[in-house]
Amino acid sequence: MLEALKQAVYEANMELPKRGLVTYTWGNVSGIDRETGYVVIKPSGVDYEDLTPDQLVVLDLDGNIIEGDLNPSSDTKTHLELYKAYPELGGIVHTHSPHAVGWAQAGRDIPCYGTTHADYFYGPVPCARCLTTEEVEEDYEKNTGKVIIETFNSRQLNPVHVPGVICHSHGPFTWGKNAAQAVYHAVVLEEVAKMAMYTVTVKPEAAPAPQHVQDKHFLRKHGPNAYYGQKMG
C-alpha cells in the first residue's frame, strides 16, 4: 500500500542524519496521500541505520493504523493535527536540531536578520507558546499540534509562506508540499537559526533586516511574479 509514498518518506527520513539534523532517533518525517487521507510516518524509536521502507506505518487522519506492525512515531498526533488543519501540507518533519532548539528553549522567535532567512521564511520563524500543565496531561502530542495552529491563526500567518515553527522548550517542526521539501525546510531552518544565533552573539541589539529587503527576497522566489531559478518546460 502506498509504496511510492513509503519510499519517498523513507528517503526523506534518511536525509535527517545525512544532513546532521538528528542524533540517535531524535526525529521523524511523515507524508500524506491526500486522495486516501492516509499518512505514512516513521516508526517510534527505530534507529535510522536499521530503518527500511516496509517498517513505515500507515495511518488514517484519526490515528487508526491501516498498515504496519510497529508503533508510529510518538509525534504522530502532532503531524495529524497539522495535516487536518492545512490541506496544502504534503510532508512534515520534526527534529531536535541544536540551533533551532536553542531558540525554542529560550522561548524566542527567530528574527529575520537577513536575506538567507527571507528567501524561505516570510518574517520571523514563530515560537509557539509553552503548553499548560492541563494540555500536557490531557494529550501532549495532539495539543502540541493545536498550539502550533493557534500560533499561526493568532498571528495570521500563512503556513506556505512560513513553512516551520519552533515549539517552546521543545524544538522545530517544518513542512512542505511533500516529505522531501519538508526536510529541505528543516535544513534551512537550522541554518538560519545558526546565523541568527551568530548575529545576536556579535550584536545582541541587532535589528531585523529592513522590510523592503525581506519582501524582495521572499517574493522573488515565491508568488505570481517570482523570477528566481529557471523556467522549466
Chemist: Regarding Asp119 and Lys216, does a basic nitrogen lie under 4.0 Å from an acidic carboxylate oxygen?
Modeler: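 No, Asp119 and Lys216 are not salt-bridged.
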Chemist: How about Trp175 and Tyr184: are their ring centres within less than 6.0 Å of each other?
Modeler: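 Trp175 vs Tyr184: aromatic centres not under 6.0 Å.
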Chemist: Between Glu3 and Gln7, do the side chains contain an N or O donor and an N or O acceptor separated by less than 3.5 Å?
Modeler: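 Checked: Glu3/Gln7 side chains show no N/O donor-acceptor pair below 3.5 Å.
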Chemist: Please determine whether a side-chain nitrogen of the Lys or Arg among Lys146 and Glu141 lies less than 4.0 Å from a carboxylate oxygen of the Asp or Glu.
Modeler: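 No.
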Chemist: Tell me, please, which residues at least two apart from Lys77 pass salt bridge (Lys or Arg N to Asp or Glu O under 4.0 Å).
Modeler: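 Listed in chain order: Asp139.
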Chemist: What I'd like to find out is whether the side chain of Val57 reaches to under 4.5 Å of the side chain of Val40, using heavy atoms alone.
Modeler: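 Val57 does not reach Val40 side chain to side chain.
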Chemist: Roughly how far, to the nearest 0.5 Å, is the CG atom of Asp75 from the NE2 atom of His170?
Modeler: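 If we round to the nearest 0.5 Å, His170:NE2 and Asp75:CG are 5.5 Å apart.
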Chemist: May I ask you to say whether Arg19 pairs ionically with Glu190, meaning some side-chain N is under 4.0 Å from a carboxylate O?
Modeler: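 No.
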Chemist: I want to check something: taking the side chain as every heavy atom from C-beta on, are Met195 and Tyr113 in contact at a cut-off of under 4.5 Å?
Modeler: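 When only atoms from C-beta onward are counted, Tyr113 and Met195 do not touch, as no gap falls below 4.5 Å.
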Chemist: Are His94 and His79 close enough that their ring centres sit under 6.0 Å apart?
Modeler: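 Ring centres of His79 and His94 not closer than 6.0 Å.
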Chemist: Does Lys42 count as lying over the ring of Tyr10, i.e. NZ or CZ under 6.0 Å from the six-ring centre, within 45 degrees of the axis?
Modeler: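 Negative - Lys42 is either too far from the ring of Tyr10 or too far off its axis.
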Chemist: Mind checking what makes salt bridge (Lys or Arg N to Asp or Glu O under 4.0 Å) contact with Lys84, not counting sequence neighbours?
Modeler: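 Expected list: Glu81.
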Chemist: Quick one, Val9 and Ile41 - any side-chain contact, counting heavy atoms below 4.5 Å?
Modeler: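 SC-SC contact between Val9 and Ile41 ruled out.
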Chemist: Could you tell me if Asp33 and Thr36 have a donor-acceptor pair between their side chains, going purely by distance under 3.5 Å?
Modeler: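 Yes, side-chain donor-acceptor contact under 3.5 Å.
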Chemist: Answer with yes or no whether the side chains of Tyr83 and Ser30 bring together a donor and an acceptor at under 3.5 Å.
Modeler: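 On atom types as modelled, these side chains qualify, holding a pair under 3.5 Å.
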